[in-house]
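Structure first, then comments.
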Amino acid sequence: MNDFYDRLAPFYSLIYEDWDAAIAQQANQLSHLIQQNWGTEVKTVLDVSCGIGTQALGLAALGYQVTASDLSAGEIHLARQEANRRRLNIPFSVCDMRQVDQHYAETFDALISCDNSVPHLLTDAAILQALQAFRNCIKPGGGCLITLRDYDREPRGRGIVKPYGLREMSGKRYLLFQVWDFDGDWYDLAFYFLEEDRQTQQVQTHVMRSRYYAIRPDHLAQLMEKAGFVQVMRLDNRYFQPVIVGTQPLIA
């Protein structure tokens, strides 16, 4: 992943037209999915790829006891600031999702990894390692919820442009777009932020680069079953991305 998210962190909220509205909407959708699949008794949630807190902040505001981590120290720094500003008590820490079971001493009612984070792991073996770590962090009968892009529907090729639109923040205007270059089931992504100072009219270009594994949702579901989850399902039209859920088996 290199320093992709550390460099993206100051601009991350610009991905959304209205970040606060996205926080609230996603929290409501995720809460409904959590309760639908694992019951209203779910209280503790571990977010293993929290970024700047989009999902963690919203779920904490709904009353869940959220613990959150991410590989990016820069994003964790901003997530802490946002939680403090909103007076939310969320323990944040820096951790590789493949090592969450070594990082946390306790287990949780539910675990989430949202917004296409798992496909940063570039092999089935790495994803399986993460999923097994996820399982170790979940209480018996608890659940795992992962969201990712629908790579069944994404075009393959080179120079694929994904526009995000125009945003404004702190007296500056930003034009956002991504460029994808595929190589088999992997693609290199360049995220462009063209920044214009409205007063001086000076323009800067920020480019962050990363690589993704375009794993298909159904294949991720198969890996979840291989990792030992039961009742694995793909859920569509419940969130802005496909959702894969799986349950930690009850201890006999």
Side-chain angles (χ1 to χ4, degrees), residues 4-36 40 42-94 110-118 120 145-149 162-178 191-199 204 206 208 210 235 237-243:
F4 177 74
Y5 282 106
D6 284 339
R7 296 184 59 222
L8 180 61
F11 308 102
Y12 199 106
S13 62
L14 294 172
I15 293 173
Y16 302 94
E17 291 187 26
D18 184 334
W19 188 47
D20 287 325
I23 288 172
Q25 180 181 18
Q26 292 187 27
N28 286 327
Q29 291 170 336
L30 291 171
S31 179
H32 180 74
L33 286 164
I34 288 169
Q35 294 184 17
Q36 184 180 55
T40 57
V42 171
K43 300 299 181 187
T44 59
V45 177
L46 174 61
D47 185 345
V48 298
S49 53
C50 67
I52 63 171
T54 305
Q55 295 81 33
L57 295 168
L59 288 172
L62 290 180
Y64 290 91
Q65 299 171 34
V66 180
T67 301
S69 56
D70 196 278
L71 187 59
S72 167
E75 292 197 322
I76 289 296
H77 176 70
L78 288 181
R80 285 196 183 108
Q81 289 184 331
E82 285 295 328
N84 289 336
R85 185 173 70 83
R86 298 161 191 263
R87 297 182 180 180
L88 296 171
N89 181 22
I90 305 173
F92 288 101
S93 59
V94 176
L111 179 150
I112 65 171
S113 178
C114 298
D115 204 5
N116 208 52
S117 296
V118 168
H120 276 296
L145 184 156
I146 299 172
T147 81
L148 74 164
R149 285 183 180 270
K162 300 280 186 176
Y164 277 69
L166 198 64
R167 309 281 192 263
E168 294 201 17
M169 181 176 69
S170 303
K172 296 181 178 180
R173 176 179 285 175
Y174 296 86
L175 179 65
L176 284 63
F177 61 94
Q178 294 181 355
F191 207 151
Y192 290 83
F193 290 75
L194 275 60
E195 173 188 310
E196 179 193 16
D197 189 307
R198 301 299 300 278
Q199 291 185 337
Q204 282 186 284
H206 308 273
M208 299 81 174
S210 191
L235 305 174
N237 304 316
R238 310 287 186 88
Y239 196 68
F240 76 96
Q241 293 176 334
V243 177

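Treat the numbers as computed from the prediction; the structure is a model and nothing was measured.
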Which pair of heavy atoms, one from [X] and one from [Y], lies closest together, and at what distance?
X: Ser113; Y: Val48; answer: CB-CG2, 3.7 Å
X: Gly51; Y: Asp70; answer: N-OD2, 2.9 Å
X: Gln26; Y: Thr54; answer: OE1-CG2, 3.9 Å
X: Pro10; Y: Leu78; answer: N-CD1, 4.0 Å
X: Asn116; Y: His120; answer: O-CD2, 4.3 Å
X: Ile52; Y: Ala9; answer: CG2-O, 4.2 Å

By ring-ring contact (aromatic ring centres under 6.0 Å, His included) - contacts of His206 (at least two apart):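 Partners of His206 by the ring-ring contact (aromatic ring centres under 6.0 Å, His included) criterion, ordered by chain and then number, come out as Phe11.
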
Any residue meeting ring-ring contact (aromatic ring centres under 6.0 Å, His included) with Tyr192, in chain and number order, not counting sequence neighbours: Phe177

Set of residues satisfying side-chain hydrogen bond (donor to acceptor under 3.5 Å, both in side chains) with respect to [X], sequence neighbours excluded:
X: Lys43; result: none
X: Thr67; result: none
X: Glu17; result: none
X: Arg87; result: none

By side-chain contact (heavy atoms from CB on, under 4.5 Å), which residues pair with [X], not counting sequence neighbours?
X: Arg173; value: Leu166, Glu168, Glu196, Arg198
X: Gln25; value: Gln29
X: Asn84; value: none
X: Arg80; value: Ile76, Phe92

For the [atom1] atom of [X] and the [atom2] atom of [Y], what is their distance to the nearest 0.5 Å?
X: Arg167; Y: Glu195; atom1: CZ; atom2: CD; result: 15.0 Å
X: Ser117; Y: Asp47; atom1: OG; atom2: CG; result: 8.0 Å
X: Thr147; Y: Leu30; atom1: OG1; atom2: CG; result: 7.5 Å
X: Ser210; Y: Gln178; atom1: OG; atom2: CD; result: 10.0 Å

Any side-chain heavy atom of [X] within less than 4.5 Å of one from [Y]?
X: Phe193; Y: Met208; answer: yes
X: Leu14; Y: Leu176; answer: yes
X: Ser49; Y: Asp115; answer: no

Residues, nucleotides or ligands: over 12 heavy atoms within 6.0 Å of Asn237 CG: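 Check fails, neighbour count at 12 or below.
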
Sequence neighbours excluded, every pair satisfying salt bridge (charged side-chain N to carboxylate O under 4.0 Å, His left out) that has a member inside residues 20-34: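 Matches after skipping sequence neighbours: Asp20-Arg86.
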
Step-by-step side-chain contact (heavy atoms from CB on, under 4.5 Å) determination, Met169 to Trp19: CA-CA 12 Å; Met169 181 176 69; Trp19 188 47; over 6 Å; no

Ring center gap for Phe4 and Phe191 short of 6.0 angstrom: no

Distance-only donor-acceptor hits, side chain of residues 56-66, under 3.5 Å, sequence neighbours excluded:
{"residue": "Tyr64", "atom": "OH", "partner": "Ser31", "partner atom": "OG", "Å": "2.7"}
{"residue": "Tyr64", "atom": "OH", "partner": "Gln35", "partner atom": "NE2", "Å": "3.1"}

